Amino acid sequence: MNQQRRSVLKYSAVFGLMASAGLISTVQAQEWNKAAFEGKGLDDVFKILGAGSPDKSAAVTLNAPDIAENGAVVPVGITTTAKAEQMAILVEKNPSALAAQFFIPAGTDAFVTTRIKMGQTSNVYGLVKADGKWLMTVKEVKVTLGGCGG
Amino acid sequence: MQRKLTLGLASGLVAALLTMTSSVSAQKSATDDIAKYREMIADGNPSELYEAAGEELWKKPAGPKNVTLEQCNLGLGPGVVKGAAAQLPRYFKDTNKVQDLESRLMTCMQVLQGRDPEEMIDAPFQKGPKKDMEAIVAYVVTLSKGDKIKVSTAHPKEKEMYDLGKRAFFFQGGPMDFSCASCHAENGKRIRLQDLPNITEQKGAALGWGYWPAYRVSSGQFWTMQQRLNDCFRQQRFPFPIYGSDVTIALSMYMAKTANGGTVETPGLKR
Amino acid sequence: MADPMRVRAAENGGTVDVKILMKHDMESGQRKDAAGKTIPAWFISTINVKANGKDVFNGQFGPAVSKDPFLNFKYKGAKGDKIAVTWNDNKGDKRTDEATVS
Amino acid sequence: MNMKITHLKQLLAATGFIFATGLVQTPALAQQKNDPKFNKMIQESFRADGIAALNRIDQDATQKFCSDPKFADSKQGQAMREKIQKMNMDSIKQPSDGKYIGDWKNGERIAQSGRGATWTDTAETPIGGGCYNCHQIDYKEISYGNIGPSLTGYGKIRGYSPEVVTYTWNRINNSKAYNACSNMPRFAHFKLLNEKQMQDVMALLLDPESPVNK
C-alpha cells in the first residue's frame with residue numbers, strides 16, 4: 001500500500017509540474033463538464049466525453065434493478081475488472097443523457113453506486129474509461145407507475 | 001364480502017381464470033423485482049439526514065422560554081427518548097389525554113418552550129415549524145428502532161381511543177366511498193405494484209405501523225405518521241384531517257395496538 | 001446554509017467502504033411551479049473526497065441525480081484515515097464534512 | 001395484582017369464546033349503533049380544504065351501512081343489503097345517446113389516471129378512473145392492482161352481447177347496484193366520470209379493437 005501511495009504521490013508531483021508548466025490545468029479534472037451534462041442524446045455525450053462509439057464489454061457490470069418502484073430514485077452502480085480511470089452513467093431517454101460521471105484515482109476501487117432519476121422506462125448505460133479506451137454495458141430499467149396516482 | 005356475478009357471466013369466469021394463470025407469473029416476477037429494488041436502496045436511508053438535524057433541535061434552546069426539549073416526557077419519564085416511540089400512543093396524566101408522538105411533542109414544546117401549538121397545527125407539512133417537528137420525530141423514532149411495539153389499552157381512555165380508532169378505520173365517506181378498510185382489510189392485496197398491509201391483523205399492522213415514519217422516495221421527503229395519515233385521507237377524498245386531531249390519534253392507537261409485538265423499523269424507507 | 005452530510009467509512013481487509021448521504025433538493029430543471037413557470041435546475045455539480053488530504057474520489061453530478069444524493073465507493077486505506085467530503089452546487093453553495101474511518 | 005389481571009384476562013377470553021359460538025354478531029351490531037362520542041370525534045377532526053368540503057364526511061345510506069362490514073355481511077344485514085342494492089340500481093341511467101362504446105384509447109388514459117377530487121386538486125382537475133389501481137386491464141401494463149378482479153380479455157372472454165354490455169355499463173356507473181359494499185366507487189352517482197368518459201372506459205373493455213381483447 002505504501003508503494004501505491006508513493007506512486008500516487010509521484011504521479012501527482014508530475015501532474016503538478018505539468019500544471020505549473022502550463023501544460024494542463026489542475027482544475028481540469030474538477031471542472032464540471034457543462035457540455036457533456038447538457039448534451040441531449042447518447043451520441044452527443046459519447047462524443048463530448050471523447051468516447052466515440054464505445055465497445056460493449058463484459059468487463060463492465062451495471063448494477064441496476066429490472067424494475068424501479070419509483071423513477072425518482074433508481075439505484076445504479078458500476079463495477080469493472082478493467083483499470084478504470086473514469087466512469088459515467090447515461091440514461092437514454094432522460095432529457096439530458098448524462099446523469100453522473102466519476103474519476104477514479106489509483107488506489108480507489110473501480111466501483112461506484114449512486115441513485116438517479118428516470119423520467120420513464122429506458123436503457124441505462126454504464127461507461128468505463130480504462131487505459132484511454134471507453135467500454136460500456138447497457139441494461140433496461142422499467143419505471144413503473146405506483147401508488148394511487150393522485 | 002360477496003361479489004355477485006350474473007349467471008350469464010359465470011362461464012366467462014372459468015375462461016378468465018385460465019387466461020389469468022399466465023399473467024400471474026409475470027406479475028409475480030414484477031413484485032419480486034420490486035423487492036429487489038427495495039433491497040438495493042435499503043442501505044443509505046436519507047432519514048438519517050433528518051435524524052441528525054432533529055437531534056440538534058432537541059438539544060437546542062428554543063421558543064419564548066429559550067429552553068431545550070431535553071426534559072420532555074414522552075411517557076417513560078422526563079428526558080427518556082430511548083424506546084419511548086415504541087410505546088406510543090399512550091395516556092398522559094398531565095394532559096388527561098391519549099397522545100401520539102407528535103401531539104405529545106406539541107405539549108412539550110408548549111409547556112417547556114412556551115410555543116403556541118396552533119402555529120404547529122396550522123403550518124403546512126415540510127415547512128416552518130413542521131419542518132422542525134419532522135426532524136425531531138426522525139430523531140425520536142430512530143431511538144426506538146429494533147424495539148418491540150408495546151402499546152397498552154389498560155387505561156380506560158386508551159381503550160376508548162382504540163375502540164374509536166377501530167370504528168374510524170371502517171368509516172366510509174367522500175365521493176369514492178373509501179374507508180381505510182377499502183385498501184387495508186384483506187390479505188394479499190395491492191394498489192398497482194404496491195403491497196397493501198392488512199392492518200386488521202397483527203402482521204399487517206406491524207408492516208404498516210412499524211415502518212412509519214419513513215423517508216418517502218416518491219416525494220423525497222421524510223414523512224411523520226401524521227403526514228402519512230393525512231395523505232391517506234387525501235387519497236380517500238376526505239376533508240383535511242386536522243394535525244393531531246382525535247381521529248388521527250384514534251387510528252394510530254388502533255394500528256399500534258393491533259401491531260403489538262411487532263418490531264419498530266422506523267425510520268422506514270418507502271416508495 | 002447547506003445542511004450537514006452523513007459520512008460513514010469503515011475499513012475491512014485494507015479496503016475502506018465510504019457511504020455518503022448529502023442533503024440537497026437536486027432540482028431537475030424539468031418541474032414547473034403552480035404558476036406554470038419552470039423551476040430552475042439546482043443541483044450538486046461536483047463532489048470531492050479526500051483521505052488524509054489526498055484525493056480518493058471525484059464525481060460530477062447532473063440534475064438527474066436523485067434528491068438527497070447517495071454515493072458509495074471504496075478505496076485502499078486504513079482505520080483512522082481522515083475523510084473529508086466536499087460538494088459544490090451550480091449556484092455556488094458548498095459544504096464540507098469530515099469523518100474518521102472506523 | 002398482576003396475577004389477578006392475567007387471570008381475569010384468561011377468564012374473559014374463555015367466556016368470550018363461549019359467547020362467540022352463539023353470538024357472532026354481537027360486536028357488529030354494537031358498531032352499527034349510533035355513538036355520539038364517535039360522531040363528535042369525526043365532526044371535530046376534519047376541516048374543509050379546497051374542493052374537499054366538510055360534507056364529504058356526511059355519510060349517505062350506502063356508506064353508513066358499509067361502515068359496519070360485519071353487520072353488512074351478516075344474515076341480519078341481508079334485507080338492508082338488498083334495499084341498498086336496489087336503490088343504487090334504480091339510480092343508474094342508460095346512455096342518453098344510446099351509445100355504450102366510445103374510444104378505447106381515451107378509456108386507457110382514464111383507466112391509468114388516479115388523479116382528481118382531492119384537496120390538492122381543483123374543480124377543473126380531470127378525475128381519473130384509477131382503474132389500474134385495482135384491476136389488471138391491458139396485459140402490457142405490468143403495474144396493476146388486485147383489489148378488483150382482472151379485466152384482461154374482458155370482451156373476448158365474456159362476449160359482446162347486450163347483456164354483457166348493459167351489465168358492464170351498470171357496474172361502471174354504480175357497482176353498488178350488484179354488491180352493496182363493493183370497493184369500487186360509484187362513478188356516475190358522484191359524477192366522477194361523465195357519460196362520455198364512461199363510454200370510453202366501456203370501449204377499453206368491450207371494443208374488439210381494444211388491446212384488452214387482443
Side-chain angles (χ1 to χ4, degrees), chain B residues 1-6 8-9 11-16 18-20 22-24 26-27 29-30 154 160 163-164 166-168 170-179 181-183 185-186 188-194 196 233-242 245-250, chain D residues 5 31 35 37-38 41-42 44-49 52-54 56-59 62-64 66-69 72-73 114 117-120 130 132-134 136 139 142-147 149-150 152-154 157-159 161 163-164 167 176 178-179 181-186 190-192:
Chain B
M1 231 166 268
Q2 12 93 261
R3 292 187 198 286
K4 279 193 184 167
L5 275 169
T6 59
L9 295 167
S11 60
L13 191 73
V14 180
L18 287 173
T19 55
M20 259 169 69
S22 64
S23 57
V24 161
Q27 181 74 38
S29 83
E160 181 184 55
D163 289 336
L164 288 168
K166 186 175 185 179
R167 190 160 175 165
F170 292 94
F171 181 86
Q172 285 194 3
M176 293 192 183
D177 299 329
F178 289 154
S179 70
S182 304
C183 291
E186 277 183 87
K189 294 296 177 192
R190 287 190 330 265
I191 278 192
R192 292 280 184 161
L193 283 172
Q194 276 69 51
L196 299 163
F233 278 122
R234 189 182 68 87
Q235 302 275 18
Q236 277 172 241
R237 274 74 183 177
F238 269 50
F240 192 100
I242 295 161
S245 60
D246 276 355
V247 77
T248 64
I249 293 166
Chain D
I5 289 177
Q31 241 195 35
D35 177 355
K37 240 188 184 137
F38 180 81
M41 174 182 85
I42 293 289
E44 289 175 355
S45 289
F46 294 90
R47 65 171 169 81
D49 189 357
L54 269 177
R56 288 189 177 192
I57 49 172
D58 299 339
Q59 295 180 308
T62 304
Q63 292 172 339
K64 197 168 264 174
C66 296
S67 293
D68 188 353
D73 282 345
T118 75
W119 67 69
T120 48
Y132 281 101
N133 287 357
C134 300
Q136 181 182 27
Y139 71 93
I142 57 163
S143 182
Y144 61 84
N146 65 358
I147 292 175
S150 171
T152 317
Y154 188 89
I157 292 161
R158 293 165 181 81
S161 68
E163 288 78 21
V164 168
Y167 165 78
K176 269 84 173 171
Y178 296 91
N179 173 1
C181 297
S182 157
N183 280 323
M184 188 161 146
R186 292 172 279 176
F190 281 112
K191 300 188 170 59
L192 299 169

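The structure displayed is predicted, hence computed values, not measured ones. A note on names: the letters A, B, ... follow the listed sequences, proteins ahead of strands, and every chain is numbered from 1.
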By a 4.5 Å heavy-atom criterion (distance strictly below it), what part of [X] contacts chain B: side chain, backbone, both, or neither?
{"X": "D:Asp58", "value": "neither"}
{"X": "D:Ile42", "value": "side chain"}
{"X": "D:Leu192", "value": "side chain"}
{"X": "D:Ala117", "value": "both"}

Under 4.5 Å from any heavy atom of chain D, what part of [X] do you find: side chain, backbone, both or neither?
{"X": "B:Ala250", "answer": "side chain"}
{"X": "B:Phe233", "answer": "both"}
{"X": "B:Ser182", "answer": "both"}
{"X": "B:Glu160", "answer": "side chain"}

Any donor-acceptor N/O pair, D:Ser45 side chain to D:Met41 backbone, under 3.5 Å: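 Yes; judged by distance alone, with no hydrogens or angles, the pair exists.
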
Donor-acceptor pair, side chain of B:Arg192 and main chain of D:Gly145, under 3.5 angstrom: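 Judged by distance alone, no pair lies under 3.5 Å.
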
State whether D:Tyr144 and B:Arg190 meet the cation-pi test: NZ (Lys) or CZ (Arg) under 6.0 Å from the six-membered ring centroid, and within 45° of the perpendicular axis.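 Relative to the ring axis of D:Tyr144, which defines the angle, B:Arg190 lies inside both limits.
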
Regarding D:Arg56 and the six-membered ring of B:Phe238, is the cationic atom NZ or CZ under 6.0 Å from the ring centre and inside 45° of its axis?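 The answer is no; the distance or angle limit is not met.
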
Find the one option among D:Lys191, D:Gln63, D:Lys37 whose heavy-atom pairs under 4.5 Å with chain B are most numerous.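 Most heavy-atom pairs under 4.5 Å with chain B: D:Gln63.
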
Side chains of B:Ser179 and B:Gln236: do they bring a donor and an acceptor to under 3.5 Å?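 Not at all, the side chains of B:Ser179 and B:Gln236 share no donor-acceptor pair under 3.5 Å.
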
Are the charged groups of D:Lys176 and B:Asp177 less than 4.0 angstrom apart, N to O?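 B:Asp177 and D:Lys176: salt-bridged.
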
Separation between OH of D:Tyr167 and CD of D:Glu163, rounded to the nearest 0.5 Å: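 The OH atom of D:Tyr167 sits 13.5 Å away from the CD atom of D:Glu163.
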
